[in-house]
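Have a look at the structure below before the remarks.
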There are 2 protein chains.
Amino acid sequence: MSPKRAQSGDAVPGGVWLREPRPASRAPALTRERIVAAAVEVLDQGGAEGLSMRRLADALDVHATSLYWHVSHRDDLLDLALDAVFGEVAASGGASGSWRADVAAFMGGLRAALLRHPWSAALAVSRPLLGPNALAHSESVYAALARAGLAGLDLRAGAAAVSTFVIGSVAAEAAWRHPGAAAARAAVNDHLRGSADRYPTLAAHAVTGEEDWATHFTRGADAFLHGLAVLGADRPEQG
Amino acid sequence: MSPKRAQSGDAVPGGVWLREPRPASRAPALTRERIVAAAVEVLDQGGAEGLSMRRLADALDVHATSLYWHVSHRDDLLDLALDAVFGEVAASGGASGSWRADVAAFMGGLRAALLRHPWSAALAVSRPLLGPNALAHSESVYAALARAGLAGLDLRAGAAAVSTFVIGSVAAEAAWRHPGAAAARAAVNDHLRGSADRYPTLAAHAVTGEEDWATHFTRGADAFLHGLAVLGADRPEQG
DNA sequence: ACCTGAACACCGTTCAAGT
DNA sequence: ACCTGAACACCGTTCAAGT
C-alpha cells in the first residue's frame with residue numbers, strides 16, 4: 001500500500017548483505033506507459049470520477065506527487081487513457097471495395113472499443129481527439145468518405161457526424177448500463193405511462209422492456225450512411 | 001459574501017426598534033427555482049467544474065449545507081440545470097405539414113439553446129434526459145418521426161439518433177469555443193501538415209481555418225434526415 | 001420546516017528537498 | 001533525472017443543533 005523501498009540502510013552490522021545494491025541501469029520506476037495502463041485499469045473499475053491522483057499512485061505503489069513528473073495535469077491522464085482506447089480499435093485494413101461497408105466496420109469497431117471502457121465515450125464527446133490513435137482512426141474514416149465522393153466542408157461534416165454518432169450513441173448506452181438500470185427503466189416506463197396526456201407519443205412508442213442497443217445502433221448508422229451516400233452523389237466536387 | 005442576517009438581537013436598550021420583526025409569512029429563503037437559476041448562472045460563468053456547493057451557496061448568500069435541504073446531491077443540481085436549458089428551446093408549435101421541416105426546426109432550436117450554455121451539451125450526453133422539458137422535446141421529435149412513417153424500434157432508434165447528433169455536435173463545437181481555440185486550431189493544422197505521411201487524407205482535407213459550425217451542422221442534419229426518410233419509406237409498418 | 005456550524009474524508013497541485 | 005513529503009486551498013456530504 002504505502003510506497004516504500006529499502007533504500008537507506010540502517011546501521012546494522014553486516015547489513016550490506018541485506019541490502020540490494022543500487023541498480024546499475026537506474027531504470028525509472030515510472031513510465032508514461034505504465035501510468036497510462038494503470039489509469040485505464042482504475043478508470044475501468046471506478047469510472048472517471050474514481051480516478052484520483054492518489055488512488056492511481058497507490059495502484060502504482062508510488063506517491064501521488066510523483067505522477068507530476070510524467071504528466072502535467074489530471075486531464076492529461078484522461079486524454080492519454082482515452083487515446084489508449086482508440087488504440088484498441090481493430091485496424092481492419094481498409095479498402096474492401098465498398099466505402100460504405102468500410103465506414104460501417106469502423107463505426108462498429110469504435111463502438112466495441114468504447115463499450116469495453118464505459119467511461120470513455122462520455123469523455124470523448126467533450127475532448128478534442130488528437131492522440132495518434134484517434135487521428136489514425138479519423139484518417140481511415142476520412143479516406144473512406146473521400147472515396148464516397150465527399151470533399152471539403154462536406155467531408156469534414158460527414159466525418160465529424162460519423163464520430164459524433166458513434167460516440168454519442170455509446171455514451172447514451174453506457175449511461176443505461178449501470179447496475180440497477182433495469183429498475184430505472186421500469187420507473188421511467190411507469191412515469192411515461194402515467195403522463196400519457198402530456199407525452200402521448202412517448203407513452204405509446206417509447207415504452208419498452210430491455211432495449212436492443214446493437215440493432216438500435218446499426219439501424220441508426222444505416223440511415224446515416226444512406227444520407228451520406230446521397231450527399232456524396234449530390235455534390236461530387238466541392239472545395 | 002458571508003451569509004448573515006440580523007436575527008438574534010444583542011441586549012441593546014431600545015433595540016427592539018432597530019430589529020426587524022419576525023416576518024409573518026416565513027417564506028423560505030431558498031427555493032428550488034432560485035437555486036436552479038443561480039446554478040445555471042454559475043455554470044455559465046465557470047462551467048461544470050466551476051459549480052461547487054460552496055460557490056453556489058455563496059451566490060445565494062447562504063451556507064453550503066443549506067442546499068441539501070432542497071436537493072440531495074450535486075448531481076441533482078446538474079440535472080435540474082440541464083432541464084432548464086431544455087426549457088429554453090422554443091416550443092415552435094408542431095405540425096407545419098412537413099415532418100422533415102419540423103424535425104429540422106427542433107434540432108436547430110435545441111442546438112441554439114445548448115450553445116447558449118456551453119457546459120450543457122457535454123452534460124447531456126452522459127445523463128438520462130428525463131426532466132419535464134427534455135421529455136416535452138422528445139415528445140415533439142417522436143411525434144414528427146411517427147408522421148414520417150417510423151414505428152417501434154425504428155422510431156426509437158431514429159429519435160435517439162436525432163438527439164445524439166444534435167447534442168454530440170454541440171459538445172464538439174463547444175469544446176472548440178474556448179479562448180485560445182484559434183491558436184489550438186493552428187497548432188493542430190501544423191501537426192497534421194507535418195504528419196502528412198501518417199495522415200495523408202487528414203493533411204489534405206481536415207486542415208482548415210475557422211470552421212463554419214452552422215453549415216457543418218445543417219449539412220450533417222440534412223444527410224441524416226434524408227436517411228431517416230428512407231428508413232420510414234422502407235419499413236412503413238413495424239412494431 | 002428550514003437553515004447553521006462543525007466536522008470528516010477526501011481532492012489537485014506546488015515546491016523545496018532528497019538521492 | 002526522478003521521486004518524496006509537507007503543505008495549500010479547496011472539495012461533497014453528514015449530522016446534531018438551532019429557530
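Distance check on atom C1': dA9(D) versus dA9(C) gives 16 Å, rounded to whole Å.
Taking the charged nitrogens against the carboxylate oxygens, Arg127(B) and Asp75(B) do have a contact shorter than 4.0 Å, which makes a salt bridge. Glu173(A) and Arg111(A) are joined by a salt bridge, as a carboxylate oxygen and a charged side-chain nitrogen come within less than 4.0 angstrom of each other. Look at Asp58(B) and Arg55(B) and you find no salt bridge, because none of the NZ, NE, NH1 or NH2 atoms lies under 4.0 Å from a carboxylate O.
OP1 or OP2 of dC2(C) sits under 4.0 Å from a side-chain N or O of Trp69(B). Using a 4.0 Å cut-off, some side-chain N or O of Ser66(B) falls inside it from OP1 or OP2 of dT4(C). Listed pair His63(B) / dC3(C) fails the phosphate criterion, with no side-chain N or O lying under 4.0 Å from OP1 or OP2. The shortest distance between the side-chain N/O atoms of His70(A) and the OP1/OP2 oxygens of dC3(D) is below 4.0 Å. At the phosphate of dG5(C), neither OP1 nor OP2 sits under 4.0 Å from any side-chain N or O atom of Thr65(B).
Using a 4.0 Å heavy-atom cutoff across all strands shown, Leu51(B) reaches sugar-phosphate atoms only and no base atom. Using a 4.0 Å heavy-atom distance criterion, Leu67(A) is classed as making no nucleic acid contact.
Per the geometry, CE belonging to Met53(B) stands 16 Å off C1' belonging to dC11(C), to the nearest Å. Whole-Å rounding puts the His73(B) NE2 to dG12(D) P distance at 14 Å. Atom CG of Leu56(B) is separated from atom C1' of dC3(C) by 15 Å (rounded to the nearest Å).
Relative to the side chain of Ser52(A), the nucleotides dG12(C), dT13(C), dT13(D) differ in distance, and dG12(C) lies closest. You'll find that the side chain of Val62(A) is closest to dT4(D), out of dC11(D), dG12(D), dT4(D).
In this structure, Ser72(A) and Arg54(B) both approach DNA chain C, and ranking their closest nucleotides by distance from the 5' end singles out Arg54(B).
Aromatic ring centres of Tyr142(B) and Tyr199(A): separated by at least 6.0 Å.
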